[in-house]
Number of protein chains: 2
Amino acid sequence: MEVRSTAQRDLIRRLFRGNYTHPTADEIYELARRENPTISRGTVYRNLNFLVESGEILRIPSVGGGPDHFDVTTSPHYHAHCRLCGRVSDVPLPYNAWLSALPHGLDFTVETHQLMLFGTCKSCTNKGD
Amino acid sequence: MEVRSTAQRDLIRRLFRGNYTHPTADEIYELARRENPTISRGTVYRNLNFLVESGEILRIPSVGGGPDHFDVTTSPHYHAHCRLCGRVSDVPLPYNAWLSALPHGLDFTVETHQLMLFGTCKSCTNKGD
DNA sequence: AATGGTAATAGGACCCATTACTGATAATCG
DNA sequence: CGATTATCAGTAATGGGTCCTATTACCATT
């Protein structure tokens with residue numbers, strides 16, 4: 001299937017360049033609307049899925065109902081979720097670090113895994129609990 | 001606030017006794033309806049929340065859109081999610097095992113964490129991919 | 001430059017899991 | 001027993017996301 005370059009797709013790509021804030025689909029939608037007020041939510045979702053498929057960005061699946069986040073850093077790594085501001089940040093813990101600790105003889109074939117820390121980020125802590 | 005004992009709450013409690021299948025709210029709803037056909041979804045959700053609050057069961061938050069699962073085993077532990085049948089099983093990896101590996105000087109105060117393995121469970125593997 | 005084929009779009013309907021609201025029912029206390 | 005009010009059944013509403021339909025935009029070819 002031929003892949004076309006469109007203004008909307010390129011806009012979304014640009015919104016990610018140098019953006020390490022792990023935005024949600026809705027945040028991307030709001031940013032995109034500032035430059036293209038008629039862009040639709042469907043287009044944002046479709047292109048985020050496309051960019052994840054093509055390996056340009058990473059999806060950080062929600063844990064427990066909230067929205068998914070997206071990440072320009074495509075090498076797999078872990079994330080921390082601030083339960084006060086809802087923002088997601090990177091955790092400099094080597095991926096697969098603990099997987100070697102997995103017991104053998106598990107009745108389960110592991111393909112991937114997801115680790116998420118929950119707590120309070122620096123800036124929320126500083127603002128006073 | 002006074003806590004009352006009701007048939008619906010006790011029924012849901014009973015459905016968990018000896019049930020290590022990590023059911024979803026909907027699975028509990030279907031089981032409950034076999035004994036009490038007029039029980040409502042709202043009641044199931046309300047009581048699952050109640051039982052989680054009171055520490056009688058554990059909520060396993062969904063990762064990536066699916067429904068939450070619930071667990072009679074209340075001591076924290078890890079889970080594996082079969083992406084074929086959707087069932088959740090326990091992983092005998094000591095909780096907090098890897099947390100000691102966390103780098104110090106993180107700009108984040110960790111309160112809890114969630115680890116989920118994704119892959120294929122034994123019975124789905126046996127059924128042939 | 002116009003054309004055909006088809007990818008991608010805007011906008012909205014729809015889906016799923018869950019929560020919130022609204023009387024009605026019933027468990028507990030006095 | 002009767003009053004209080006937690007809990008209930010039933011339904012509407014919510015939030016995040018997908019899917020559908022008509023329309024538009026891209027691009028290779030004449």
Side-chain angles (χ1 to χ4, degrees), chain A residues 1-15 22-54 56-70 81 83 86-88 114 116, chain B residues 1-15 22-54 56-71 81 83 86-88 116:
Chain A
M1 195 198 293
E2 169 200 358
V3 173
R4 296 181 183 171
S5 123
T6 69
Q8 291 89 338
R9 184 122 79 207
D10 289 341
L11 167 54
I12 292 175
R13 271 199 190 92
R14 259 189 297 114
L15 292 175
H22 308 84
T24 63
D26 208 61
E27 283 161 0
I28 290 294
Y29 173 61
E30 288 305 332
L31 287 174
R33 282 215 304 173
R34 302 227 272 259
E35 283 190 49
N36 177 348
T38 69
I39 197 172
S40 88
R41 274 199 158 75
T43 297
V44 170
Y45 278 111
R46 190 167 358 83
N47 279 302
L48 287 174
N49 287 339
F50 175 92
L51 295 176
V52 167
E53 282 294 307
S54 71
E56 294 182 58
I57 62 176
L58 217 63
R59 175 191 304 276
I60 307 170
S62 71
V63 178
D68 291 354
H69 291 249
F70 296 88
H81 188 122
R83 63 172 177 71
R87 278 197 279 264
V88 167
Q114 152 121 353
M116 182 71 81
Chain B
M1 195 195 293
E2 163 201 359
V3 173
R4 294 182 185 174
S5 126
T6 69
Q8 291 89 337
R9 185 122 79 208
D10 289 342
L11 167 54
I12 292 175
R13 271 200 190 92
R14 258 188 300 114
L15 292 175
H22 308 85
T24 63
D26 207 60
E27 284 161 358
I28 290 293
Y29 174 61
E30 289 304 333
L31 288 175
R33 283 214 301 175
R34 303 226 273 256
E35 283 191 50
N36 177 348
T38 70
I39 197 171
S40 88
R41 272 200 161 72
T43 297
V44 170
Y45 278 108
R46 188 163 2 84
N47 278 301
L48 287 174
N49 286 338
F50 175 92
L51 296 175
V52 167
E53 282 295 306
S54 71
E56 295 182 58
I57 62 175
L58 217 63
R59 176 191 304 275
I60 307 170
S62 71
V63 177
D68 291 355
H69 291 247
F70 297 88
D71 194 339
H81 188 122
R83 62 171 179 70
R87 279 197 280 263
V88 168
M116 182 71 80

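Letters A, B, ... mirror the listed sequences (proteins, then strands); counts begin at 1. What you see is a predicted model, and the numbers here were worked out from it, not measured in a lab.
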Checklist entry - Any side-chain N or O of Y45(B) under 4.0 Å from OP1/OP2 of dT18(C)? => result yes
Checklist entry - Looking only at heavy atoms, what is the nearest atom pair of R9(A) and R4(A), with distance? => result NH2-O, 3.1 Å
Next on the checklist: Using whole Å, what does the distance between atom P of nucleotide dT9(C) and atom CG of L11(A) come to?
Outcome noted: 11 Å
Item to check | Any pair counted as salt bridge (charged side-chain N to carboxylate O under 4.0 Å, His left out), so long as it reaches residues 57-69 of chain A, sequence neighbours left out | outcome: R59(A)-D68(A)
Checklist entry - For residues 24-32 of chain B, which residues have at least one heavy atom under 4.0 Å from DNA chain D? => result none
Checklist entry - Hey, what do you get for CD (E30(A)) to CD1 (I28(A)), rounding to the nearest 0.5 Å? => result 11.0 Å
Could you go through nucleotides 24-30 of chain C and list every protein N or O atom that sits under 3.5 Å from one of its N or O atoms, giving the distance for each pair?
unit_1: dA27(C); atom_1: N3; unit_2: R4(B); atom_2: NH1; d: 3.4
unit_1: dT28(C); atom_1: OP1; unit_2: S5(B); atom_2: N; d: 3.1

Checklist entry - Heavy atom of residues 59-68 of chain A under 4.0 Å from DNA chain C: which residues? => result none
Item to check | Sub-4.5 Å side-chain heavy-atom contact between Q114(A) and V63(A) | outcome: yes
Item to check | Smallest separation among heavy atoms of E35(B) and R14(B), with atom names | outcome: OE1-NH1, 3.3 Å
Checklist entry - Within the side chain of E27(B), is there an N or O that forms a donor-acceptor pair under 3.5 Å with the backbone of T24(B)? => result yes
Next on the checklist: Assess the residue pair V44(A) and R41(A) against the criterion (side chain to side chain contact (heavy atoms under 4.5 Å, CB included)); give the C-alpha distance rounded to whole Å, side-chain angles, the decisive distance to 0.1 Å, and a yes or no.
Outcome noted: CA-CA 5 Å; V44(A) 170; R41(A) 274 199 158 75; 5.6 Å; no
Item to check | Shortest non-hydrogen separation from Y45(B) to A25(B) and the atoms involved | outcome: CE2-CB, 3.5 Å
Next on the checklist: Could you report the tightest heavy-atom contact between L11(B) and A32(B), atom names first, then the distance?
Outcome noted: CD2-O, 3.7 Å
Next on the checklist: I need the single residue from V52(B), N47(B), D71(B) that forms a side-chain contact (heavy atoms from CB on, under 4.5 Å) with I57(B). Which is it?
Outcome noted: V52(B)
Checklist entry - How close do S62(B) and P67(B) get, heavy atom to heavy atom, and via which atoms? => result CB-O, 3.5 Å
Checklist entry - Going 5' to 3' on DNA chain D, which nucleotide is the first and which the last to come under 4.0 Å of a heavy atom in chain B? => result dT5(D) to dG10(D)
Next on the checklist: R46(B) vs T43(B), test: side chain to side chain contact (heavy atoms under 4.5 Å, CB included). Steps then yes/no.
Outcome noted: CA-CA 5 Å; R46(B) 188 163 2 84; T43(B) 297; 3.5 Å; yes
Please write out each protein N/O paired with an N/O of nucleotides 10-14 of chain C under 3.5 Å, distance rounded to 0.1 Å.
unit_1: dA10(C); atom_1: OP1; unit_2: Q8(A); atom_2: NE2; d: 3.4
unit_1: dA10(C); atom_1: OP1; unit_2: T38(A); atom_2: O; d: 3.4
unit_1: dA10(C); atom_1: OP2; unit_2: S40(A); atom_2: N; d: 3.2
unit_1: dA10(C); atom_1: OP2; unit_2: T43(A); atom_2: OG1; d: 2.2
unit_1: dG11(C); atom_1: OP2; unit_2: T38(A); atom_2: O; d: 3.3

Item to check | Evaluation steps, side chain to side chain contact (heavy atoms under 4.5 Å, CB included), between L48(B) and F70(B) | outcome: CA-CA 8 Å; L48(B) 287 174; F70(B) 297 88; 3.6 Å; yes
Checklist entry - Pick the nucleotide of DNA chain D nearest each of N47(B) and N49(A); which residue has the one closer to the 5' end? => result N47(B)
Item to check | Interatomic distance, L58(A) atom CG to L51(A) atom CG [nearest 0.5 angstrom] | outcome: 12.0 Å
Checklist entry - Which of these passes side-chain contact (heavy atoms from CB on, under 4.5 Å) with H81(A): R87(A), H69(A), H22(A)? => result H69(A)
